[in-house]
Amino acid sequence: MLAGGAARRLGGADKPAVRVGGRPLLDRVLAACADAGTTVVVAGPRPTARPVTWTREDPPGGGPLAALDAGLRHVTAEHLVLLSADLPFLDGHTVAALLDTLRRGEADGVLLTDSDGRDQPLVAAYRTPSLRRGLAALSAAHGGTAGLPLRRLTGALDLLRISDPVASFDCDTWDDIATARARIREHGHVLDEWISAVKDELGIDLDVDTGVLLDLARDAAHGVARPAAPLTTFLVGFAAARAGGDADAVAEAARKAVALANRWAEEDTQDATPAAPSSGAEPETRTDAG
């Protein structure tokens with residue numbers, strides 16, 4: 001992951017640290033790479049939500065090719081994902097799709113294209129040997145890689161392309177940042193964004209069926225009392241953690257709580273008057289001797 005650069009169009013701001021949806025851009029991209037065996041970030045070290053290996057290009061500020069060269073020195077895998085640190089909408093499904101497409105074919109790499117059809121070589125998966133050969137050739141021809149544009153490398157590679165205007169959206173300007181912040185608050189995105197942010201903040205790598213939990217909260221609120229919703233979901237989480245903490249444990253605890261809420265609600269709909277006497281029985285009419 002390349003997280004350096006001067007961010008001139010952001011007025012020199014520390015772009016990887018700019019927050020979108022309450023999380024630094026760098027942490028958002030790291031969350032999309034949670035399944036990586038090794039995550040290498042080329043930049044000055046800083047606190048991150050996930051552990052990474054830090055390295056710097058030589059010389060510092062030498063550009064993306066020099067940064068890629070530095071990062072490759074820590075890579076042993078046959079395939080790698082090369083990313084910039086300013087991709088607010090990248091997710092794990094896109095990363096997996098890039099790698100799956102690369103592994104099924106013979107190309108040197110697979111990259112995303114943006115809404116204008118332009119290549120985004122910093123949202124891509126590559127064969128590591130292809131990058132090493134290309135960098136070695138450029139270094140031999142130019143006495144190093146510092147200052148060379150990335151297209152000098154990617155232009156010589158056999159690449160496949162996937163159109164994905166959302167995942168390839170990067171934040172180069174403050175207008176881009178504002179667009180990203182607005183989008184995640186739209187109705188169709190805000191809940192997933194919030195859950196992802198909370199899991200990242202709490203260090204939770206657990207995929208759960210949020211629909212089940214929302215249904216539980218609804219049933220507890222309607223069948224018991226409104227404050228029961230957050231308290232019940234908290235207790236379900238606590239019970240699931242004691243039972244192992246995986247998605248199945250959450251689902252089982254939620255199932256039990258939903259069943260209880262339904263039984264609770266059923267009592268409110270039942271006739272609370274005493275049952276009528278059975279056929280043929282005489283009602284008690286004598287005065288209580290007591």
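Here, residue 1 is the first one in the sequence, and each next residue gets the next number. Below, each value reflects all heavy atoms present in this structure, side chains not excepted, and no hydrogens, waters or symmetry copies.
Using a 4.5 Å heavy-atom threshold, the side chains of Arg183 and Phe89 count as touching. In this structure, the side chains of Tyr126 and Leu68 stay at 4.5 Å or more apart for every pair of heavy atoms. Put simply, the side chain of Val41 does not reach to within 4.5 Å of the side chain of Thr48, judged on heavy atoms. Between Leu25 and Ile177 there is a side-chain heavy-atom pair separated by less than 4.5 Å. Put simply, the side chain of Arg46 does not reach to within 4.5 Å of the side chain of Pro24, judged on heavy atoms. For the pair Leu153/Leu138, a side-chain contact is recorded, criterion being any heavy-atom separation below 4.5 Å from C-beta on.
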(request) Please step through side chain to side chain contact (heavy atoms under 4.5 Å, CB included) for the pair Arg28 and Glu193, ending with a clear verdict. (result) CA-CA 10 Å; Arg28 294 181 69 90; Glu193 287 287 349; 2.7 Å; yes
(request) Assess whether side chain to side chain contact (heavy atoms under 4.5 Å, CB included) is satisfied between Val75 and Thr38, documenting all intermediate values. (result) CA-CA 8 Å; Val75 174; Thr38 300; over 6 Å; no
(request) Could you walk me through whether Val18 and Trp174 pass the side chain to side chain contact (heavy atoms under 4.5 Å, CB included) test, one step at a time? (result) CA-CA 10 Å; Val18 173; Trp174 286 114; 4.0 Å; yes
(request) Apply the test side chain to side chain contact (heavy atoms under 4.5 Å, CB included) to residues Leu213 and Val250: give CA-CA distance (whole Å), side-chain angles for both, the deciding distance (0.1 Å), then the verdict. (result) CA-CA 9 Å; Leu213 295 179; Val250 174; 4.1 Å; yes
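Hydrophobic clustering (ILVMFWY, side-chain heavy atoms < 4.5 Å, transitive): Trp194 and Ile184 are in distinct clusters. A single hydrophobic cluster is not seen to contain both Val95 and Val40; linkage of ILVMFWY side chains at heavy-atom distances under 4.5 Å, directly or through other members, places them apart. By the criterion of side-chain heavy atoms lying less than 4.5 angstrom apart, applied directly or through intervening Ile, Leu, Val, Met, Phe, Trp or Tyr residues, Leu112 is not grouped with Leu122; the two fall into different hydrophobic clusters. Cluster annotation: Leu157 and Leu111 are assigned to the same hydrophobic cluster (Ile/Leu/Val/Met/Phe/Trp/Tyr, side-chain heavy-atom contacts under 4.5 Å, transitive). Note: the hydrophobic cluster containing Val166 does not contain Leu98 (ILVMFWY, side chain heavy atoms under 4.5 Å, direct or indirect links).
Remark: Leu160 CG to Asp108 CG distance equals 9.5 Å, nearest 0.5 Å. One finds the OG atom of Ser130 at 10.0 Å from the CG atom of Leu80 (value rounded to the nearest 0.5 Å). Rounded to the nearest 0.5 angstrom, Thr113 OG1 and Leu159 CG are separated by 12.0 Å. One distance of note links CG of Leu260 with CZ of Arg263; it measures 5.0 Å at 0.5 Å rounding. The NE2 atom of His142 lies 9.5 Å from the CG atom of Leu65; values are rounded to the nearest 0.5 Å. The CG atom of Asp27 lies 13.0 Å from the OG atom of Ser196; values are rounded to the nearest 0.5 Å.
When all heavy atoms are compared, the tightest approach of Leu26 to Met1 is CD1-SD, 3.4 Å. Heavy atoms only, all atoms of each residue included: Asp170 and Gln120 are closest at OD2-OE1, 4.1 Å. Between Gly105 and Arg127, the closest heavy-atom pair is O-NH2, 2.6 Å. In this structure, Ala107 and Leu102 approach most closely via the heavy-atom pair O-CD1, 3.5 Å. When every heavy atom of Pro230 is checked against every heavy atom of Arg226, the shortest pair comes out as CD-O, 3.7 Å. Heavy-atom minimum distance, Ala254 versus Val236: N-CG1, 3.8 Å.
In this structure, Ser139 contributes its side chain and Leu135 its backbone to no donor-acceptor pair below 3.5 Å. Listed for the Arg185 side chain is a donor-acceptor partner under 3.5 Å among the backbone atoms of Arg181. With hydrogens and angles disregarded, a donor-acceptor distance shorter than 3.5 Å links the side chain of Lys15 to the backbone of Cys171.
The side-chain contact (heavy atoms from CB on, under 4.5 Å) test with Leu72 singles out one residue from Thr55, Leu131, Val42, Leu82, and that residue is Leu131.
Applying the salt bridge (charged side-chain N to carboxylate O under 4.0 Å, His left out) rule to pairs touching residues 63-85 yields Asp69-Arg73, sequence neighbours excluded. Residues in residues 147-168 take part in these salt bridge (charged side-chain N to carboxylate O under 4.0 Å, His left out) pairs, two or more places apart or across chains: Asp119-Arg161.
Between the side chains of Thr179 and Asp176, not a single donor N or O lies within less than 3.5 Å of an accepting N or O. With hydrogens and angles left out, the side-chain atoms of Asp175 and Thr173 include no donor and acceptor closer than 3.5 Å.
In this structure, Trp54 places its CH2 atom where more than 12 heavy-atom neighbours from other residues, nucleotides or ligands lie under 6.0 Å away.
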